[in-house]
Amino acid sequence: MAAVKELTRDLENKANDFRKLEKDIQKNQQVKKKYTIQLGENELVLKELDLLNEDTNVYKLIGPVLVKQDLAEANANVRKRIEYISAELKRLDGTLQDLQEKLNSKQESIAKLQQRIQTLQAGKAKA
Amino acid sequence: MAATPRMELEKMSVEHLRGLKEQVDMEVNLLQDSLNNLRSANARLEIASAALQDLSVRPQGKKMLVPLTASLYVPGKLDDSEKVLVDVGTGYFIEKTMVEGKDYCERKIALLKSNYDQLLEVTAKKRSIADEAGAILQAKLKHLAPSQ
């Protein structure tokens with residue numbers, strides 16, 4: 001009797017862990033989505049900047065202020081941003097894989113626990 | 001080509017099939033939303049292009065009303081319309097000539113149109129999968145019901 005109680009409690013804990021992992025995966029995917037959009041936008045900007053002559057004026061909006069920027073500087077900034085975002089995306093990919101593996105193994109151990117509980121309960125019903 | 005996916009759908013259980021159909025339906029909705037977004041973005045660009053076209057034929061010094069807020073306009077005079085500031089994204093603005101500005105709009109409109117067409121294809125394929133899954137699901141349910 002006590003064994004079933006303990007196993008059920010363990011099952012609840014594992015179920016909570018599972019739900020938390022699912023939420024973490026969801027958050028991860030949202031952040032990935034945001035970064036992917038930013039990456040796309042920055043790449044578009046880089047393409048536009050590459051089309052310009054050296055003497056074209058480029059301005060950056062900083063708050064409510066339009067500030068004249070050096071073309072080379074603007075290029076460098078956008079490139080750096082693209083690098084940073086790509087690195088972040090790779091990192092997030094790694095974390096996502098990690099979380100996915102944990103989720104799967106959690107699911108397996110939950111399934112096993114459920115089986116054990118069922119066999120125990122079936123055994124008791126017979127007795 | 002359509003035969004193989006159909007056979008796989010037939011093999012699935014009712015539960016599995018139902019879950020799959022729900023998932024694909026959700027995907028179709030998301031894709032449809034994206035399609036709508038693309039269409040409205042394209043509309044905005046067309047308006048910008050038309051505005052540019054209009055500006056280019058106005059003489060310098062022409063009197064105009066400048067919007068300061070959504071409900072406040074102040075009188076002003078049109079300055080040199082040969083130069084335009086183009087918002088290219090992530091807070092960057094590029095000074096271009098009128099011709100380059102028009103060209104930019106045309107390019108963006110073309111890009112959005114091609115994206116729209118690609119997305120339309122993908123959406124059509126997904127929708128057909130959803131429809132097939134739905135049809136097979138109905139058939140299976142009908143098959144199961146009379147036996148009760």
Side-chain angles (χ1 to χ4, degrees), chain A residues 22 25-26 29-89 100 103-104 107 111 114, chain B residues 15-16 19 23 26-27 29-31 33-38 40-42 44-45 48-49 52 66-70 72 79-116 118-119 122:
Chain A
E22 274 185 324
I25 288 184
Q26 220 182 17
Q29 285 174 329
Q30 275 176 336
V31 177
K32 258 179 73 180
K33 202 163 126 182
K34 198 177 65 157
Y35 273 139
T36 313
I37 294 177
Q38 284 184 359
L39 185 66
E41 207 183 342
N42 273 291
E43 285 185 345
L44 270 184
V45 176
L46 191 65
K47 250 200 260 177
E48 285 300 322
L49 290 179
D50 280 339
L51 289 176
L52 303 175
N53 310 331
E54 283 239 350
D55 56 354
T56 321
N57 291 329
V58 176
Y59 301 85
K60 184 162 166 61
L61 191 68
I62 302 182
V65 180
L66 253 187
V67 181
K68 188 157 157 56
Q69 279 235 311
D70 181 36
L71 182 57
E73 208 185 309
N75 253 313
N77 276 342
V78 177
R79 268 182 229 275
K80 242 190 299 181
R81 187 120 177 91
I82 289 180
E83 262 180 55
Y84 170 75
I85 296 181
S86 306
E88 275 298 297
L89 271 179
Q100 207 87 51
L103 191 77
N104 288 340
Q107 197 159 32
Q114 281 176 325
Chain B
E15 291 305 316
H16 205 174
Q23 195 195 352
M26 246 196 329
E27 287 174 11
N29 280 338
L30 281 174
L31 290 175
D33 278 342
S34 299
L35 275 175
N36 290 339
N37 284 341
L38 272 180
S40 62
N42 218 345
R44 281 202 306 268
L45 270 176
S49 189
L52 265 187
V66 182
L68 285 187
T69 71
L72 178 62
D79 194 8
D80 179 21
S81 64
E82 188 45 37
K83 294 237 184 86
V84 286
L85 263 184
V86 181
D87 179 358
V88 292
T90 70
Y92 279 97
F93 290 72
I94 302 179
E95 196 178 61
K96 289 183 184 284
T97 66
M98 176 54 83
V99 171
E100 284 172 355
K102 284 194 202 164
D103 177 62
Y104 176 85
C105 283
E106 305 279 314
R107 257 184 301 139
K108 282 283 172 237
I109 290 177
L111 178 67
L112 283 189
K113 180 134 194 0
S114 86
N115 282 350
Y116 183 81
Q118 278 177 331
L119 198 57
V122 173

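Within every chain, numbering begins at 1; the chains are lettered A, B, ... in the order of the sequence lines, protein sequences first and strands thereafter.
For a residue to count as touching a neighbouring chain, one of its non-hydrogen atoms must lie under 4.5 Å from one of that chain's; by this rule A:L66 touches chain B with the side chain only.
Using a 4.5 Å heavy-atom cut-off against chain A, the contacting residues of residues 93-106 of chain B are B:F93, B:I94, B:E95, B:K96, B:Y104.
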Would you be so kind as to tabulate the donor-acceptor pairs closer than 3.5 Å made by side chains of residues 40-55 of chain A, with sequence neighbours excluded?
{"from": "A:E41", "atom 1": "OE2", "to": "B:T90", "atom 2": "N", "distance (Å)": "2.9"}
{"from": "A:N42", "atom 1": "ND2", "to": "A:Q38", "atom 2": "O", "distance (Å)": "3.0"}
{"from": "A:E48", "atom 1": "OE2", "to": "B:R107", "atom 2": "NH1", "distance (Å)": "2.9"}

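Within 6.0 Å of atom NZ in A:K33, 12 or fewer heavy atoms from other residues, nucleotides or ligands are found, so the atom counts as exposed in its surroundings.
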